[in-house]
Amino acid sequence: MADIRSTMLGMTLRSPVVAGCSGKTDSVERIAELVEAGVGAVVLKSLYEEQILAAAAREAGKGGVVYGHDDLDGFVQFYEKKHSIAEYARLIKSCKSSFPVPIIASVNAATSGEWARIASEFAEAGADAVQLNLFVSPFDESRDSAVIEAEYCSTIRAVKAATPIPVIAKIGPYFTSLPRIVMALEDAGADGIVLFNRYYSPDIDTEKLSVRSADIFSQPGEY
């Protein structure tokens, strides 16, 4: 059999096929199927801080005796976040004890300072690397492109300072100069770059007159 071992982020992979974060990488059972099929590394399904905060807001919005008070709502938010991060850390530990391939955590933080803290917890849980799903909204007319790009780089520097494992920057295509931002992220300490083809987009359901997710599947024209 041919030797298809490869390297990535200083790690030796048994094959160059990496399972990206998706519904196939959110449980030990599904990941076991990928490992059996021969993947060289697995990127766990992303943890989105925004989704955690949205779930906490839904709970706080239910009303009743407890909710509706700022201090208690804050506690619900804190508990939801802590619980979700702990669950993700347990998944990392289970994968590391079950599979012989590198396990890469994936995170999308929404609030200042959380990137480094969450990445550090995942490193302590045993993740071989961490992928940061970076997106800074470009729709504030008071912030020019240099300020936005600097925020990407400062996030990388903060996470690199907080964790010893390799850090991957996952970015979109919407930059004036894609090679320039890649170089800047490398200078900031990124060990690797993932070029994400597109983001989820909204669509309008004309029958129900409501906003919904657009088609999530790639189209031939995107190539």
Side-chain angles (χ1 to χ4, degrees), residues 1-48 87-108 115 118-135 152 155-156 159-160 162-175 178-200 215-223:
M1 183 176 179
D3 182 358
I4 58 172
R5 285 177 296 179
S6 185
T7 58
M8 181 181 75
L9 306 172
M11 301 179 291
T12 299
L13 311 186
R14 63 179 184 172
S15 82
V17 179
V18 177
C21 55
S22 69
K24 287 287 189 180
T25 63
D26 66 353
S27 70
V28 172
E29 294 75 22
R30 289 175 175 152
I31 293 171
E33 296 176 0
L34 297 170
V35 174
E36 178 66 24
V39 296
V42 173
V43 182
L44 299 181
K45 185 174 175 61
S46 298
L47 177 74
Y48 281 81
E87 283 291 312
Y88 200 96
R90 279 192 283 272
L91 176 60
I92 293 171
K93 292 177 181 177
S94 296
C95 290
K96 287 299 298 177
S97 64
S98 302
F99 309 122
V101 301
I103 301 298
I104 301 171
S106 181
V107 60
N108 186 313
W115 289 102
I118 296 174
S120 180
E121 290 196 35
F122 292 164
E124 290 179 9
D128 295 288
V130 61
Q131 174 180 276
L132 308 183
N133 299 299
L134 299 171
F135 176 72
Y152 280 83
T155 299
I156 293 295
V159 175
K160 286 293 293 183
T163 178
I165 61 177
V167 175
I168 305 166
K170 184 175 183 179
I171 60 174
Y174 306 116
F175 293 92
L178 195 58
R180 179 70 190 94
I181 186 63
V182 169
M183 291 175 61
L185 291 169
E186 181 183 18
D187 290 343
D191 299 283
I193 305 290
V194 171
L195 299 179
F196 188 40
N197 60 346
R198 64 194 179 118
Y199 299 102
Y200 284 131
D215 187 3
I216 63 173
F217 298 109
S218 299
Q219 304 296 324
E222 293 183 46
Y223 289 121

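Values below: every heavy atom of this structure, side chains too, minus hydrogens, waters and symmetry copies.
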Heavy-atom side-chain proximity of Glu33 to Glu36 below 4.5 angstrom: no
Exercise: identify the closest heavy-atom pair between Ser106 and Cys21: OG-SG, 4.2 Å
With rounding to the nearest 0.5 Å, note down the distance linking CZ in Phe99 to CD1 in Ile31. 6.0 Å
Quick check: do Ile165 and Phe122 have side-chain heavy atoms less than 4.5 Å from each other? no
Close side-chain approach of Leu132 and Ile168, heavy atoms under 4.5 Å: no
Value rounded to 0.5 Å, distance of CG in Leu44 from CD1 in Ile104: 8.5 Å
Quick one: side chains of residues 5-14, donor-acceptor pairs under 3.5 Å with protein atoms, not counting sequence neighbours, listed by atom name and distance.
unit_1, atom_1, unit_2, atom_2, d
Arg5, NE, Asp3, OD1, 3.0
Arg5, NE, Asp3, OD2, 3.3
Arg5, NH2, Asp3, OD2, 2.8
Arg14, NE, Val39, O, 2.9
Arg14, NH2, Val35, O, 2.4
Arg14, NH2, Val39, O, 3.3

Please find the pair of heavy atoms, one from Leu185 and one from Ala169, that lie closest to each other, and give the distance. CD1-CB, 4.0 Å
Which residues pass the side chain to side chain contact (heavy atoms under 4.5 Å, CB included) test with Ser94, sequence neighbours left out? Val28
Keeping Ser97 on the side-chain end and Lys93 on the backbone end, is there a donor-acceptor pair under 3.5 Å? yes
Given the side-chain rings of Phe175 and Tyr152, with only the six-membered ring counted for Trp, is the space between their centroids under 6.0 Å? yes
Let me see the working for Asn133 and Ser46 under side chain to side chain donor-acceptor pair (under 3.5 Å), right down to the final yes or no. CA-CA 8 Å; Asn133 299 299; Ser46 298; 3.1 Å; yes
Quick one: does Ser15's side chain have a donor or acceptor within less than 3.5 Å of a partner on Gly40's backbone? yes
Asp26: partners by salt bridge (Lys or Arg N to Asp or Glu O under 4.0 Å), with sequence neighbours left out: Arg30
Hits for side chain to side chain contact (heavy atoms under 4.5 Å, CB included) against Glu87, two or more places apart or cross-chain, chain-then-number order -> His83, Arg90
I would like to know whether Ile103 and Cys95 meet side-chain contact (heavy atoms from CB on, under 4.5 Å); could you show each step before the answer? CA-CA 7 Å; Ile103 301 298; Cys95 290; 3.8 Å; yes
How far apart are the closest heavy atoms of Ala105 and Ile92, and which atoms are they? CB-CD1, 4.0 Å
For Gly20 versus Thr25, what's the shortest heavy-atom pair and its separation? O-CG2, 3.5 Å
Show the numbers, then the answer: is there a side-chain contact (heavy atoms from CB on, under 4.5 Å) between Leu178 and Ile171? CA-CA 10 Å; Leu178 195 58; Ile171 60 174; 4.0 Å; yes
Pairs of donor and acceptor atoms involving the side chains of residues 186-195, under 3.5 Å and at least two apart or interchain, shall be tabulated with distances.
unit_1, atom_1, unit_2, atom_2, d
Asp191, OD2, Lys160, NZ, 2.8
Asp191, OD2, Val167, N, 2.8

Test of understanding: with salt bridge (Lys or Arg N to Asp or Glu O under 4.0 Å), list the residues that count as partners of Lys96, not counting sequence neighbours. Asp128
